[in-house]
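Okay, so here's the structure we're looking at.
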Amino acid sequence: MAKLEAIAQAIEAGKIKIVGGLVAEALADNLDPLIILNQGMIQTMSIVGDKFKRGDIFVPEMLIAAKAMKKGVEVLKPHLAGQADLSLGTCIIGSVAGDMHDIGKNLVAMMIESAGFEVIDLGVDVPAETFIKTIKEHPEVKLVAFSALLTTTMPAMKASVAAVKDSGLHGFKIIVGGAPITQDYAVQIGADGYASDAGSAAVTAKQLIA
Ligand code: B1M
């Protein structure tokens, strides 16, 4: 547990240079990668978010913590991904227009990939038109995944889902998620599926295309 605490402290303090090494040490000590991710890293980002909300820290501190978390995830990634040898199809994923948050979206992409999908990650601040263009370029696509972390980008998610559905393109399912998104909202905007975290996103992704 001391290792998890050290990882959490390094992420919160934005110590980008040491996080990777600490995660590698925790793995060498046979700590479960999912426990490292959930208890050492994701929980820490919640603490960072709460401090930001209270005004104890500001955007630069939040950004540097996010960068430190990314370094840790890089080291963790090969240990989280399974060896799926059969492709379930292509999944296009991105954070919706106006949304720059990508840590959660990257985790979702990683878990969906490890479930057996080929993932095309469009990154952050992705306009609906880019999703549509990419679907046209990849007619084999089975899943389109939208992430939003801000209440202010929820309308962009709604508009993106509507634009993709109105495009007349078909043969794929739509999955949505992100901290402010709920099952009810997903239904309301016409998505086929919703997941609250990266693990359940992979499970839902497989169920949607079954
Ligand atoms: Co931002 N930010 N941020 N931020 N940020 C939040 C989201 C916030 C809750 C902080 C707070 O006030 N407590 C708040 C939003 C409030 C609201 O909308 N109600 C907020 C704000 C206000 C802002 C700015 C507006 C701040 C400002 O500039 N004044 C600004 C907006 C920028 C923009 O997007 N246009 C901003 C900027 C940033 C940084 C750039 C500094 C940085 C992001 C860096 C990056 O991502 N590369 C940042 C960070 C780090 C956060 C917090 C602290 C952490 C987010 C995170 O990475 N969490 C966040 C507070 C918090 O979450 N507690 C906060 C860890 C991650 C693993 O969890 O992203 O929730 P999460 O992903 C989960 C699930 O949501 C789900 O699975 C993931 C893994 O389990 N999920 C999906 C996500 N996508 C999914 C898709 C799916 C399914 C599940 O299917 C497709």
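All values below come from the heavy atoms of this structure, side chains included, with hydrogens, waters and symmetry mates left out. Each ligand, and each atom within it, is numbered from 1 in the order the structure gives.
Nearest non-hydrogen protein atom to atom 19 (N) of ligand 1 is Thr151 OG1, 3.4 Å. In terms of protein heavy-atom proximity, atom 34 (O) of ligand 1 is closest to Met100 N, 2.7 Å. Protein heavy atom at the shortest distance from atom 13 (N) of ligand 1 is Gly49 O, 2.9 Å. For atom 62 (O) of ligand 1, the closest non-hydrogen atom on the protein side is Leu149 CD1, 4.5 Å. What sits closest to atom 76 (C) of ligand 1 on the protein, heavy atoms only, is Ser196 O, 3.4 Å. For atom 22 (C) of ligand 1, the closest non-hydrogen atom of the protein is Phe52 CE2, 4.0 Å. Closest to atom 78 (C) of ligand 1, if we only count protein heavy atoms, is Gly104 CA, 3.7 Å.
Ion pair Glu137/Lys133 flagged as a salt bridge, since at least one NZ, NE, NH1 or NH2 atom sits closer than 4.0 Å to an Asp/Glu carboxylate oxygen. Salt-bridge check for Lys51 with Glu61: failed, with every basic side-chain N at 4.0 Å or more from each acidic carboxylate O.
Every atom of ligand 1 with a heavy atom of Asp99 under 4.0 Å away is listed here by number and element: 34 (O). Contact atoms of ligand 1 toward Ala179: 70 (O), 75 (O) (distance under 4.0 Å to a heavy atom of the residue). Near Ser46, meaning under 4.0 Å from one of its heavy atoms, ligand 1 places the atoms 63 (N). Counting the atoms of ligand 1 from 1 in the order shown, those under 4.0 Å from a heavy atom of Asp197 are 76 (C), 77 (O), 80 (O). Close approach to Ala66 involves these atoms of ligand 1, each under 4.0 Å from a residue heavy atom: 44 (C), 50 (C). In summary, the atoms of ligand 1 found under 4.0 Å from a heavy atom of Leu107, numbered by their order in the structure, are 67 (C). Set against the non-hydrogen atoms of Lys53, the atoms of ligand 1 under 4.0 Å away are 13 (N). If you number the atoms of ligand 1 from 1 as listed, the ones under 4.0 Å from a heavy atom of Leu63 come out as 40 (C), 41 (C).
On a distance-only criterion, His101 and ligand 1 share at least one N/O pair closer than 3.5 Å. Annotation: Gly98 places an N or O atom under 3.5 Å from an N or O atom of ligand 1; distance criterion only. Between Met69 and ligand 1, no N or O atom pair is found at a separation short of 3.5 Å. Residue Ala198 has at least one N or O atom closer than 3.5 Å to an N or O atom of ligand 1. Remark: ligand 1 and Asp102 share an N or O pair separated by less than 3.5 Å (distance only, no angle test). At least one N/O-N/O distance between Ser147 and ligand 1 falls below 3.5 Å. Among the atoms of Ile175, none of the N or O lies under 3.5 angstrom from an N or O of ligand 1. Considering backbone and side-chain atoms alike, Leu150 places every N or O at 3.5 Å or more from each N or O of ligand 1.
Within a 4.0 Å radius of atom 11 (C) of ligand 1, the protein has at least one heavy atom. Atom 51 (C) of ligand 1 is approached by the protein to below 4.0 angstrom, counting heavy atoms only. For atom 8 (C) of ligand 1, the nearest protein heavy atom lies 4.0 Å or farther away. Within a 4.0 Å radius of atom 59 (C) of ligand 1, the protein contributes no heavy atom.
Between atom OH of residue Tyr185 and atom OG1 of residue Thr151 there is a gap of 10.0 Å, rounded to the nearest 0.5 Å. One finds the NZ atom of Lys70 at 10.5 Å from the CD1 atom of Ile16 (value rounded to the nearest 0.5 Å).
Ile36 and Val73 fall within the same hydrophobic cluster, where Ile, Leu, Val, Met, Phe, Trp and Tyr residues are linked whenever their side-chain heavy atoms come under 4.5 Å apart, directly or through other members.
Among Asp192, Leu208, Val108, the one residue that satisfies the side-chain contact (heavy atoms from CB on, under 4.5 Å) test with Ile175 is Leu208. A side-chain contact (heavy atoms from CB on, under 4.5 Å) with His101 is found for exactly one of Leu150, Val124, Thr153, namely Leu150.
For the pair Lys165 (side chain) and Gly190 (backbone), a donor-acceptor distance under 3.5 Å is present. At distances below 3.5 Å, not a single donor-acceptor pair connects side-chain atoms of Asp99 with backbone N or O atoms of Asp125. Listed for the Asp29 side chain is no donor-acceptor partner under 3.5 Å among the backbone atoms of Leu31. Between the Asp197 side chain and the Ser200 main chain, a donor and an acceptor come within less than 3.5 Å of each other.
Residue Val176 touches ligand 1 through its backbone alone, judged by heavy-atom distances below 4.0 Å. The proximity of Phe146 to ligand 1, defined as any non-hydrogen pair under 4.0 Å, is limited to the backbone.
Between Leu76 and Pro33 the shortest heavy-atom distance is CD2-O, 3.7 Å. For the residue pair Ala186 and Tyr194, the shortest heavy atom distance occurs at CB-CB, 3.6 Å. In this structure, Ala97 and Ala156 approach most closely via the heavy-atom pair O-CB, 3.5 Å. Contact record, Ala109 with Val119: O-CG2, 3.7 Å, taken as the closest heavy-atom pair. The two residues Ile7 and Ala26 have their closest heavy-atom pair at CD1-CB, 3.9 Å. The minimum heavy-atom distance between Ala148 and Val96, with the atom names listed, is CB-CG2, 3.9 Å.
For the pair Pro180 and ligand 1, no heavy-atom separation below 4.0 Å is found. For Ala148, the heavy-atom gap to ligand 1 stays at 4.0 angstrom or more.
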